[in-house]
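Down below is the structure, laid out as structure tokens.
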Amino acid sequence: LDVFHSPDLVLPPVRGARTIVTVHDLSFLRHPECADPGLVAYLTTVVPHSLRRADLILADSSWTRRDLMELLGVSQEKIIVVPAGVGPEYRPISDSSVLEEVRARYDLPGRFILSVGTLEPRKNLSRLIEAFSVIAVQEPDIRLVLVGGTGWLYQDIFAAVERLGLSDKVLLPGYVPEVYLPALYNLAALFVFPSLYEGFGLPPLEALACGVPVVCSDSSSLPEVMGQAALFGPPMDTDALAHAMLRALNDAVLRSELRSRGLQRASLFTWQAAAHKLLEAYLSLCASA
């Protein structure tokens, strides 16, 4: 091998090749309370060793690059930012038969708010459910759809639904294969992503590419990725989150602006651009071998 690329944090033993490690985020250091303790202990031990051995480190965002420098002392010269890219399948869909097939497959209501991501504490879904409880009083016909498989420490999410009496208004279809996600985004009235921390945040970018208004938290890399194309709020403030959601649902002019900005913003993050930057990183290591 000339170059070996490990795409997620940990670099296995490699001899004779130049090495690259991609770091998507350092959530296990920023928010260890949001992950399984055994996983935190493993990554805290293994990741710094992997990064010291790597010849080059790829970060999903400038935010992750700053985290690498601040938390693990990695030199800036060793890091290249390679943002994620959205595939061409994420786009506005006008074919009603495609949309209605997915609506029927997952028994989706006529009007709903969508969030996509693994069910785990870092995604801040318990607070989203609390904010939705405010929305549900004013918008009784709307539902909240939380798409994603269960990760770890997810029990509080289900408990919040029961505690707030929202069992008939919060839908949890579980993991949805990627082939159905573009239609799912297109069907949503609003996409919400209140995450406490993200190294990039691909789901809200996918939503932008599908022409859906987005509300997300103002934490970590999300403002960097979303630019002016989303409404932001502090992830710990459920009142602010509910207010932003109501604005995005009911202000027709704002919705049109967000859709236009979102499509333009998403066009900057294509998979072709990501692949081109990745190829540049490979070639730079080959040249320095």
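At least one donor-acceptor pair under 3.5 Å links the side chain of Ser61 to the backbone N or O of Gly199. A donor-acceptor contact shorter than 3.5 Å is absent between the side chain of Ser27 and the backbone of His31. A donor-acceptor pair under 3.5 Å is formed between the side chain of Ser115 and the backbone N or O of Val192. Panel note: side chain Arg65, backbone Ala59; no donor-acceptor pair is recorded below 3.5 Å. A side-chain donor-acceptor contact under 3.5 Å links Ser267 to the backbone of Gln264. A donor-acceptor pair is defined here as one N or O able to donate and one able to accept, closer than 3.5 Å; no such pair exists between the side chain of Arg52 and the backbone of Val74. Side chain of Lys277 to main chain of Ile80: no donor-acceptor pair is present (N/O by atom type, distance under 3.5 Å, no hydrogens or angles). Of the possible polar contacts, one joining the Asp55 side chain to the Thr19 backbone as a donor-acceptor pair under 3.5 Å is found. Side-chain atoms of Ser221 do not come within 3.5 Å of backbone N or O of Glu224 as any donor-acceptor pair.
More than 12 heavy-atom neighbours from other residues, nucleotides or ligands sit within 6.0 angstrom of CD on Glu280. At most 12 heavy atoms of other shown residues, nucleotides or ligands fall within 6.0 angstrom of atom CD in Gln228.
In this structure Glu198 satisfies the side-chain hydrogen bond (donor to acceptor under 3.5 Å, both in side chains) test together with Arg122, Lys123, Ser195, sequence neighbours excluded. Not counting sequence neighbours, the partners of Glu100 by the side-chain hydrogen bond (donor to acceptor under 3.5 Å, both in side chains) test are Arg103. The ring pair (Phe, Tyr, Trp, His ring centres under 6.0 Å) test applied to Tyr175 returns no partner, not counting sequence neighbours. Partners of Phe158 according to the ring pair (Phe, Tyr, Trp, His ring centres under 6.0 Å) rule, which considers only residues two or more places apart in sequence or in another chain, are Tyr154. By the ring pair (Phe, Tyr, Trp, His ring centres under 6.0 Å) test, His24 pairs with no residue at all, sequence neighbours left out. Among residues two or more places apart in sequence or in another chain, the side-chain hydrogen bond (donor to acceptor under 3.5 Å, both in side chains) test is passed with Ser167 by Glu162. Contacts of Phe193 classified as ring pair (Phe, Tyr, Trp, His ring centres under 6.0 Å), with partners at least two apart in sequence or in another chain: none.
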Stepwise side chain to side chain contact (heavy atoms under 4.5 Å, CB included) check, Phe28 with Tyr42: CA-CA 10 Å; Phe28 67 95; Tyr42 168 73; over 6 Å; no
Stepwise side chain to side chain contact (heavy atoms under 4.5 Å, CB included) test for Leu241 and Glu130: CA-CA 10 Å; Leu241 180 59; Glu130 291 177 9; over 6 Å; no
Intermediate values then yes/no, side chain to side chain contact (heavy atoms under 4.5 Å, CB included), Glu120 and Thr150: CA-CA 7 Å; Glu120 55 160 304; Thr150 54; over 6 Å; no
Trace of the side chain to side chain contact (heavy atoms under 4.5 Å, CB included) decision for Glu33 with Val40: CA-CA 9 Å; Glu33 75 282 1; Val40 172; over 6 Å; no
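Counting all heavy atoms, side chain and backbone alike, Leu114 lies closest to Ala188 at CB-CB, 3.7 Å. When all heavy atoms are compared, the tightest approach of Cys286 to Val3 is SG-CG2, 3.6 Å. Nearest heavy-atom pair across Asp25 and Leu9 is O-CD2, 4.0 Å. Minimum heavy-atom separation, Ser219 to Pro235: CB-CG, 4.2 Å. Val225 approaches Gly201 most closely through the heavy-atom pair CG1-O, 4.5 Å. Across every non-hydrogen atom of Leu56 and Ala281, the tightest pair is CD2-CB, 3.8 Å.
In terms of hydrophobic clustering, with Ile, Leu, Val, Met, Phe, Trp and Tyr side chains grouped at heavy-atom distances under 4.5 Å, Phe191 and Leu249 are assigned to different clusters. Clustering ILVMFWY residues whenever any of their side-chain heavy atoms sit less than 4.5 angstrom apart, transitively, puts Leu285 in the very cluster that holds Val82. Note: the hydrophobic cluster containing Ile142 also contains Val215 (ILVMFWY, side chain heavy atoms under 4.5 Å, direct or indirect links). Under a hydrophobic-cluster definition in which Ile, Leu, Val, Met, Phe, Trp and Tyr are linked whenever side-chain heavy atoms come within less than 4.5 Å, directly or via other members, Val137 and Val134 are assigned to different clusters. Note on Tyr180: it clusters hydrophobically with Leu171, by side-chain heavy-atom contacts below 4.5 Å among ILVMFWY residues.
Interatomic distance, Leu208 CG to Met226 CE, rounded to the nearest 0.5 Å: 4.5 Å. With rounding to the nearest 0.5 Å, the separation of CG in Leu202 from CG in Asp60 is 9.0 Å. For the atom pair Ser50 OG and Ile57 CD1, the distance stands at 9.5 Å (nearest 0.5 Å). To the nearest 0.5 angstrom, Ile135 atom CD1 is 11.5 Å from Leu166 atom CG. Ile129 CD1 to Leu144 CG: the interatomic distance, rounded to the nearest 0.5 Å, is 6.5 Å. Distance OG1/Thr44 to CG/Leu39: 8.5 Å, rounded to 0.5 Å.
Applying the salt bridge (Lys or Arg N to Asp or Glu O under 4.0 Å) test to residues at least two apart or on different chains, the pairs with a partner in residues 66-79 are Arg30-Asp67, Arg30-Glu70. Counting only residues at least two apart or in different chains, side-chain hydrogen bond (donor to acceptor under 3.5 Å, both in side chains) contacts with residues 238-248 are absent.
Taking Ile, Leu, Val, Met, Phe, Trp and Tyr as members and joining any whose side-chain heavy atoms lie under 4.5 Å apart, directly or through other members, the hydrophobic cluster of Leu279 also contains Leu283. Under the 4.5 angstrom side-chain criterion for Ile, Leu, Val, Met, Phe, Trp and Tyr, the cluster partners of Leu153 are Trp152.
Shown are Glu257, Arg259, Arg265; of these, the side chain to side chain contact (heavy atoms under 4.5 Å, CB included) with Arg261 is made only by Glu257.
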Return a table of donor-acceptor pairs under 3.5 angstrom between the side chains of residues 86-94 and protein atoms on other chains or two or more places apart.
unit_1	atom_1	unit_2	atom_2	d
Tyr90	OH	Glu178	OE2	3.2
Arg91	NH1	Glu89	O	3.3

